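As structure tokens, the structure follows; a few thoughts come after it.
The structure displayed is predicted, hence computed values, not measured ones.
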Amino acid sequence: LWGLIIYVVALEVFLFVLKQILRTREAVYSAIPVLLLGSILFCPVFFRLETYLPVLGYLGRVFPIYWYLDFFV
């Protein structure tokens, strides 16, 4: 339960920073597919891509789901 609460707080901070960078509604809507694909590909949701290409592990640390999954492993 605590991990989920920490994830929600981290996600709120991430989205607040994203809102400051992407000012318009259209920019946020166009960034959603990029964020979803980045979360799926670069974070260890289905498989660890960093075992094949270690440099991509650093790119996955940008997304909050990486920290949530890393908290439980």
Going from [atom1] on [X] to [atom2] on [Y], what distance comes out if it is rounded to the nearest 0.5 angstrom?
X   : Y   : atom1 : atom2 : result
F14 : K19 : CZ    : NZ    : 15.0 Å
Y7  : L11 : OH    : CG    : 4.5 Å
L53 : L59 : CG    : CG    : 11.0 Å

Restricting to non-hydrogen atoms, name the atom on A27 and the atom on L22 that form the minimum distance, rounded to 0.1 Å. O-CD1, 3.8 Å
Considering non-hydrogen atoms only, spot the tightest contact between Q20 and R23 and give its length. O-NE, 3.4 Å
Transitive ILVMFWY side-chain link L15 to I21, under 4.5 Å: yes
If hydrophobic clusters are built by linking Ile, Leu, Val, Met, Phe, Trp and Tyr wherever their side-chain heavy atoms come under 4.5 Å apart, do V28 and L18 end up in the same one? yes
